[in-house]
**Student:** 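Quick one: this structure, given as structure tokens, is what I'll be asking you about.
Below, read A as the first sequence line, B as the second, and so on, with proteins coming before strands; counting in each chain starts at 1. Quick note: numbers below take in every heavy atom, side chains included, and nothing from hydrogens, waters or symmetry partners.
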Amino acid sequence: MNNIRVRFAPSPTGHLHLGGARTALFNWLFARHVGGKFILRIEDTDVARSSEASAKEIIDAMKFLGLNWDEGPEVGGDYGPYYQFERKDIYAKFIDKLLCEEKAYFCFCKAEELQARREEAQKKGVPFVYDRRCLALSKEKKDELRKNGQTPAIRFKIPSGETSFIDLIRGEIKFKNEDLDDFVILKSNDQIPTYNFAVVIDDITMKITHVLRGDDHISNTPRQILLYHALNAALPQFGHLPMILGSDHTRLSKRHGATAVDEYAEKGYLPDALINFLARLGWSFDEKQEIFSREELIEKFSLERIGKNAAVFNTEKLIWLNGEYIKNAPLPERTKLVIPFLQKAGLLAKNEDRTEFLQKIVEIVGDRLKLLGDIVPYTDFFFKDRIEYSEDILKVLEKSKNGLTIIPDTKDALLQLEPFNLETIEKTIRDISEKHNVKPKETIQALRIILTGKTVTPGLFETIFLLGKDITRKRIEAFSSAFPNQKTIDIQLHND
RNA sequence: GUCCCCAUCGUCUAGUGGCCUAGGACAUCGCCCUUUCACGGCGACGGCAUCGGUUCAAAUCCGAUUGGGGACGCCA
């Protein structure tokens with residue numbers, strides 16, 4: 001047991017995206033590795049953009065990924081509330097303290113004015129820092145402004161000097177305080193604290209010891225450190241994680257494709273694969289290992305082995321990794337995972353319990369699945385009453401003309417088979433091909449296409465076995481009478 | 001523009017001064033296995049951004065340049 005406490009603090013303004021997920025993951029791994037606490041806090045001070053639905057989505061995504069939290073929404077904890085919006089009273093106390101000690105001051109400047117001054121500075125090529133014009137305001141003047149109906153914002157007075165910190169990942173980072181400006185800590189319009197203030201107060205009051213967050217927060221860090229100092233609070237340690245970039249090396253965003261965790265869930269990625277992949281983005285253990293179970297990650301994770309450079313998100317590797325995880329899942333588990341995708345494709349009714357049959361299908365699909373959804377193209381012909389033959393497929397079939405000529409014989413032989421099993425099916429097909437001097441390959445490919453409408457399927461003998469004598473016969477007969485004039489065949493799949 | 005961060009194959013990375021003729025993984029391309037696809041096996045392709053130091057020795061240390069990213073909000 002120790003006092004290490006870390007947190008993940010998303011703002012509920014959208015889905016949980018990959019970058020956020022990785023930040024959460026690294027915090028979680030760190031906490032689990034050292035035996036500390038992992039806290040989830042919802043930063044919903046931006047009332048306009050925050051939504052409960054989004055908070056729920058984020059929470060669901062965290063659950064999907066298996067990143068459980070020790071304190072936070074749904075589980076509570078001793079340092080709540082865990083929604084910032086419910087913590088306004090706490091912030092107010094600290095604001096007062098800063099005001100009393102003259103470490104913060106009222107600012108009556110209007111947003112438009114500030115914007116104009118900012119643009120002017122931009123034009124001149126000088127950095128914009130707030131000029132503190134409101135710091136000098138007399139009490140009378142302030143009262144007067146208030147009487148006129150103006151509500152001030154509150155700014156934090158940045159002391160002079162230099163602020164530096166030892167980043168857990170990057171080492172020392174230094175800023176001159178003169179480059180920082182007196183940032184707003186309480187907004188004038190809604191009297192809600194700004195992010196930079198709220199995080200600090202929350203991290204202090206929640207006793208956070210290590211702040212691990214995205215690289216994009218580096219420039220916020222000196223401001224926050226100055227607040228800690230002003231409040232006489234102990235500093236946590238900071239670690240800034242490299243960002244995740246899109247394929248064009250810019251910040252990962254919608255235009256790079258799917259960025260939300262739930263989209264990946266829908267596409268048929270496994271949480272463990274996603275976790276493994278995200279962990280390896282910016283972190284490595286040695287020169288060999290790519291696949292890490294959750295337990296292994298927890299055991300082997302360390303901040304020292306996090307890299308400094310931004311990582312480009314690369315879907316191919318994730319797909320490969322996902323395939324590895326599917327492959328390694330035991331058959332019953334794999335079957336269970338695949339069922340929702342068959343249902344979504346309309347191949348399987350929601351209440352249909354065909355576990356035994358499904359398991360056999362999943363078994364013959366074998367190692368082919370990269371995404372859970374791949375089950376559909378590989379096996380839909382097991383569920384469909386209608387088989388469609390595309391132009392391309394029929395062209396391939398032309399090439400197996402020889403195979404085609406012996407299909408009737410093959411069919412008859414298969415129907416008479418007793419017992420009807422993998423060995424006898426294979427032997428029959430090979431024997432008949434040999435008898436007619438046709439390459440087994442051609443017979444097999446012709447049969448595959450006739451029975452499935454595809455060139456890519458699980459093994460043919462297994463497929464025939466699972467299809468059964470009856471459907472095999474029906475499809476061959478239906479095809480024979482239709483080909484080459486018709487592009488589809490219909491047969492009743494279920495006898496009733 | 002100002003401040004900050006970063007820099008090894010296309011991508012993720014190993015590498016902390018000699019073990020580097022730079023290792024692995026994904027992707028790509030061959031070959032093998034094979035009833036298609038996938039799996040598996042073998043192999044190929046491909047990189048230390050540049051320049052200058054320090055050193056007997058540099059991917060590794062220092063500096064500059066270049067390139068990339070981030071932050072410059074009463075957003076978080």
**Student:** Tell me whether the OP1 or OP2 atom of B/rU16 has a side-chain N or O from A/Arg305 closer than 4.0 Å.
**Tutor:**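 No, outside the criterion.
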**Student:** Rounded to whole angstroms, how far apart are CZ on A/Phe277 and C1' on B/rA25?
**Tutor:**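 Going from A/Phe277 (CZ) to B/rA25 (C1'), I get 12 Å.
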**Student:** Calculate the interatomic distance between A/Leu245 atom CG and B/rG10 atom P; express it in whole Å.
**Tutor:**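 Atom CG in A/Leu245 sits about 17 Å away from atom P in B/rG10.
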**Student:** Rounded to whole Å, how long is the line connecting atom CG of A/Asp215 with atom C1' of B/rA7?
**Tutor:**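 Checked: the CG to C1' distance equals 13 Å.
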**Student:** Return the pairing partner of B/rC61 with a 3.5 Å limit on both distances, Watson-Crick or G-U wobble; otherwise return none.
**Tutor:**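 Partner of B/rC61: B/rG53.
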**Student:** Between P on B/rU35 and NZ on A/Lys454, what's the gap in Å once rounded to a whole number?
**Tutor:**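 In whole Å, B/rU35 P lies 22 Å from A/Lys454 NZ.
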**Student:** Need one value for A/Leu460: base, sugar-phosphate or nothing, where a base atom within 4.0 Å counts as base even if backbone is also close, heavy atoms only.
**Tutor:**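 Touches a base.
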**Student:** Pairing check on B/rA7: which nucleotide meets the Watson-Crick or G-U wobble criteria with it, both distances under 3.5 Å?
**Tutor:**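 Result: B/rU66.
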**Student:** Side chain of A/Gln84 only, please: which of B/rA76, B/rA7, B/rU36 is the nearest?
**Tutor:**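 So the side chain of A/Gln84 is nearest to B/rA76.
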**Student:** Using a cut-off of strictly less than 4.0 Å, decide whether A/Ser219 has a side-chain nitrogen or oxygen near OP1 or OP2 of B/rC3.
**Tutor:**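 So the side chain of A/Ser219 is outside the cut-off, no N or O lying under 4.0 Å from OP1 or OP2 of B/rC3.
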**Student:** With respect to the phosphate group of B/rU11, does any side-chain polar atom (N or O) of A/His249 fall under 4.0 Å of OP1 or OP2?
**Tutor:**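 So the side-chain polar atoms of A/His249 do come within 4.0 Å of the phosphate oxygens OP1 or OP2 of B/rU11, strictly under.
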**Student:** Record whether the side chain of A/Glu287 comes under 3.5 Å of the base of B/rG15 through a donor-acceptor pair of N or O atoms.
**Tutor:**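 No pair found.
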**Student:** Tell me if the aromatic rings of A/Phe479 and A/Tyr389 count as close, with their centers under 6.0 Å from one another.
**Tutor:**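 Yes, close enough.
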**Student:** Under a 3.5 Å cut-off for both distances, is B/rC33 Watson-Crick or wobble paired, and to whom?
**Tutor:**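 Because no pair has both required distances under 3.5 Å, B/rC33 counts as unpaired.
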**Student:** Taking atom P in both B/rC12 and B/rG17, compute the distance separating them and give it to the nearest angstrom.
**Tutor:**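 B/rC12 and B/rG17 have their P atoms separated by 25 Å.
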**Student:** Is A/Arg41 paired with A/Asp202 through a side-chain N to carboxylate O contact shorter than 4.0 Å?
**Tutor:**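 Salt bridge present between A/Asp202 and A/Arg41.
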**Student:** Does a side-chain heavy-atom distance below 4.5 Å link A/Thr428 with A/Ile432?
**Tutor:**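 Touching, per the 4.5 Å side-chain cut-off.
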**Student:** Rounding to the closest angstrom, what is the interatomic distance between B/rU50 and B/rC32 at atom P?
**Tutor:**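 Approximately 39 Å lies between the P atom of B/rU50 and that of B/rC32.
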**Student:** With sugar-phosphate meaning primed atoms plus P, OP1 and OP2, does A/Thr250 contact a base, only sugar-phosphate, or nothing at under 4.0 Å between heavy atoms?
**Tutor:**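 Sugar-phosphate only.
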**Student:** From B/rU11, B/rA76, B/rC26, pick the nucleotide closest to the side chain of A/Val312?
**Tutor:**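 The nucleotide sitting nearest to the side chain is B/rU11.
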**Student:** If you check every side-chain atom of A/Glu316, which of B/rC74, B/rG24, B/rA27 has the closest atom?
**Tutor:**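 The answer is B/rA27, which lies nearest to the side chain.
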**Student:** Give none if B/rA44 has no partner; otherwise give the nucleotide forming a Watson-Crick or G-U wobble pair with it, both distances under 3.5 Å.
**Tutor:**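 B/rA44 is paired with B/rU28.
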**Student:** Using a heavy-atom cut-off of 4.0 Å across all strands, would you classify A/Thr455 as base, sugar-phosphate, or nothing?
**Tutor:**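 Counting heavy atoms under 4.0 Å across all strands, the contact made by A/Thr455 includes a base.
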**Student:** Charged N to carboxylate O below 4.0 Å: is that the case for A/Arg117 and A/Glu113?
**Tutor:**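 Between A/Glu113 and A/Arg117 there is a salt bridge, with a charged N closer than 4.0 Å to a carboxylate O.
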**Student:** If we call it a pair only when both distances are under 3.5 Å in a Watson-Crick or G-U wobble match, what pairs with B/rC75?
**Tutor:**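 B/rC75 is paired with nothing.
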**Student:** With P as the reference atom in both, quote the distance from B/rU65 to B/rC4 in angstrom, rounded to an integer.
**Tutor:**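 Pairwise P distance, B/rU65 against B/rC4, rounds to 14 Å.
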**Student:** So, OP1 or OP2 of B/rC26: does either fall under 4.0 Å of a side-chain N or O from A/Arg280?
**Tutor:**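 Indeed not, no polar side-chain atom of A/Arg280 lies that close.
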**Student:** Looking at A/Asp216 and A/Arg251, is there a salt bridge between them, counting it only when a charged N and a carboxylate O are closer than 4.0 Å?
**Tutor:**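 Looking at A/Arg251 and A/Asp216, the cut-off is met.
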**Student:** Give one of base, sugar-phosphate or nothing for A/Glu290, where a contact means two heavy atoms less than 4.0 Å apart.
**Tutor:**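 Answer is base: heavy atoms of A/Glu290 come under 4.0 Å of a base.
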**Student:** Base, sugar-phosphate, or nothing for A/Lys176, non-hydrogen atoms under 4.0 angstrom?
**Tutor:**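 No contact.
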**Student:** Any side-chain N or O of A/Lys327 less than 4.0 Å from the OP1 or OP2 oxygen of B/rG40?
**Tutor:**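 Yes, because at least one side-chain N or O of A/Lys327 sits under 4.0 Å from OP1 or OP2 of B/rG40.
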**Student:** Do other residues, nucleotides or ligands put more than 12 heavy atoms under 6.0 Å from A/Lys441 NZ?
**Tutor:**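 No, NZ of A/Lys441 has 12 or fewer neighbouring heavy atoms, counting only those of other groups under 6.0 Å.
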**Student:** Would you mind classifying the nucleic acid contact of A/Ala153 as base, sugar-phosphate or nothing, using non-hydrogen atoms under 4.0 angstrom?
**Tutor:**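 Result for A/Ala153 = base.
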**Student:** Name the nucleic acid region contacted by A/Thr194, choosing base, sugar-phosphate or nothing; use a 4.0 angstrom heavy-atom cut-off, strictly under.
**Tutor:**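 Sugar-phosphate contact only - A/Thr194 comes under 4.0 Å of backbone atoms but never of a base.
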**Student:** Give me the distance, rounded to whole Å, that separates B/rC75 from B/rA59 when you measure between the C1' atoms they each carry.
**Tutor:**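 B/rC75 and B/rA59 have their C1' atoms separated by 41 Å.
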**Student:** Under 6.0 Å from the ring centre and within 45 degrees of the ring axis: does the NZ or CZ of A/Arg22 meet both conditions for the six-membered ring of A/Phe26?
**Tutor:**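 Yes, cation above the ring, under 6.0 Å and within 45°.
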**Student:** Identify, between A/Phe313 and A/Gly307, the residue whose nearest nucleotide on RNA chain B lies closer to the 5' end.
**Tutor:**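 Closer to the 5' end of RNA chain B: A/Phe313.
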**Student:** Looking at B/rA76, I'd like to know if its phosphate oxygens (OP1 or OP2) sit under 4.0 Å from a side-chain N or O belonging to A/Lys187.
**Tutor:**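 Indeed, a polar side-chain atom of A/Lys187 lies that close.
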**Student:** Within this structure, what is the NZ-to-P distance between A/Lys317 and B/rU13, rounded to whole angstrom?
**Tutor:**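 A/Lys317 atom NZ is separated from B/rU13 atom P by 9 Å.
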**Student:** To the nearest Å, give me how far apart CG (A/Asp367) and C1' (B/rU36) are.
**Tutor:**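 Spelled out: CG on A/Asp367 to C1' on B/rU36 is 15 Å.
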**Student:** Applying ring pair (Phe, Tyr, Trp, His ring centres under 6.0 Å), run through A/Phe313 and A/Phe277 and close with a yes or a no.
**Tutor:** CA-CA 10 Å; A/Phe313 183 84; A/Phe277 179 74; 5.4 Å; yes
**Student:** Say you pick atom C1' in B/rG1 and the same atom in B/rU16; how far apart are they, in whole Å?
**Tutor:**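 B/rG1 and B/rU16 have their C1' atoms separated by 37 Å.
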**Student:** Could you give the distance separating B/rG10 and B/rA22 at their P atoms, to the nearest angstrom?
**Tutor:**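 Rounded to whole Å, the distance is 15 Å.
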**Student:** Counting only side-chain N and O atoms of A/Asn196, is one of them less than 4.0 Å from OP1 or OP2 of B/rC75?
**Tutor:**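 For B/rC75, neither OP1 nor OP2 has a side-chain N or O of A/Asn196 closer than 4.0 Å.
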**Student:** Looking at every strand, decide which applies to A/Thr45 at a 4.0 Å heavy-atom threshold: base, sugar-phosphate, or nothing.
**Tutor:**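 Result for A/Thr45 = sugar-phosphate.
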**Student:** Is it the case that A/Asp46 and A/Tyr195 place a side-chain donor and acceptor less than 3.5 Å from each other?
**Tutor:**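 A/Asp46 vs A/Tyr195: no donor-acceptor pair found between side chains.
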**Student:** What nucleic acid atoms does A/Asn220 come within less than 4.0 Å of, heavy atoms only: base, sugar-phosphate, or nothing?
**Tutor:**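 Counting heavy atoms under 4.0 Å across all strands, the contact made by A/Asn220 includes a base.
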**Student:** Is it true that A/Asp215 and A/His240 share a donor-acceptor pair across their side chains at a distance under 3.5 Å?
**Tutor:**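 No, A/Asp215 and A/His240 have no side-chain donor paired with an acceptor closer than 3.5 Å.
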**Student:** A/Arg251 side chain N/O closer than 4.0 Å to the phosphate oxygens (OP1, OP2) of B/rA71?
**Tutor:**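 True: A/Arg251 side-chain N/O within range (under 4.0 Å) of B/rA71 OP1/OP2.
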**Student:** Nearest-nucleotide wise, let me know which of A/Gly459 and A/Ile218 is further upstream toward the 5' end of RNA chain B.
**Tutor:**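 Looking at RNA chain B, the more 5' nearest nucleotide goes with A/Ile218.
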**Student:** Can you check the distance between B/rC39 and B/rA25, where both ends of the measurement are the P atom (answer in whole Å)?
**Tutor:**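 Straight-line distance between the two P atoms is 15 Å.
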**Student:** Please report the distance separating the C1' of B/rA7 from the corresponding atom of B/rU55, rounded so that it comes out in whole Å.
**Tutor:**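 After rounding to an integer number of Å, I get 24 Å for this pair.
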**Student:** Check every strand shown and say whether A/Phe285 touches a base, only sugar-phosphate, or nothing at a heavy-atom separation below 4.0 Å.
**Tutor:**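 Counting heavy atoms under 4.0 Å across all strands, no contact is made by A/Phe285.
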**Student:** Looking at every strand, decide which applies to A/Arg448 at a 4.0 Å heavy-atom threshold: base, sugar-phosphate, or nothing.
**Tutor:**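 Base contact - A/Arg448 has a heavy atom under 4.0 Å of at least one base atom.
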**Student:** Ignoring the backbone of A/Trp320, work out which of B/rC26, B/rC3, B/rC74 is nearest its side chain.
**Tutor:**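 Nearest to the side-chain atoms of A/Trp320, counting from C-beta on, is B/rC26.
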**Student:** Can a donor-acceptor pair under 3.5 Å be found between the side-chain atoms of A/Arg368 and the base atoms of B/rU36?
**Tutor:**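 Under the 3.5 Å cut-off, the side chain and the base do form a donor-acceptor pair.
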**Student:** May I ask you to say what A/His240 touches in the nucleic acid, namely base, sugar-phosphate or nothing, with a heavy-atom cut-off under 4.0 Å?
**Tutor:**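 Contact class for A/His240: none.
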**Student:** Taking atom types as they are modelled, is there a donor-acceptor pair under 3.5 Å from the base of B/rC6 to the side chain of A/Lys308?
**Tutor:**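 No such pair is found, so the answer is no.
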**Student:** In whole Å, what is the span from the CG atom of A/Leu186 to the P atom of B/rG73?
**Tutor:**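 Distance, rounded to whole Å: 18 Å.
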**Student:** What is the distance from CD of A/Glu112 to C1' of B/rG73, rounded to the nearest Å?
**Tutor:**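 After rounding, the gap between these two atoms is 13 Å.
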**Student:** So what does A/Ser11 hit on the nucleic acid, given a heavy-atom distance under 4.0 Å: a base, only sugar-phosphate, or nothing?
**Tutor:**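 Touches sugar-phosphate only.
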**Student:** Using only side-chain N and O atoms of A/Lys370, determine if any of them is under 4.0 Å from OP1 or OP2 of B/rC39.
**Tutor:**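 Looking at the OP1 and OP2 atoms of B/rC39, one of them is under 4.0 Å from a side-chain N or O of A/Lys370.
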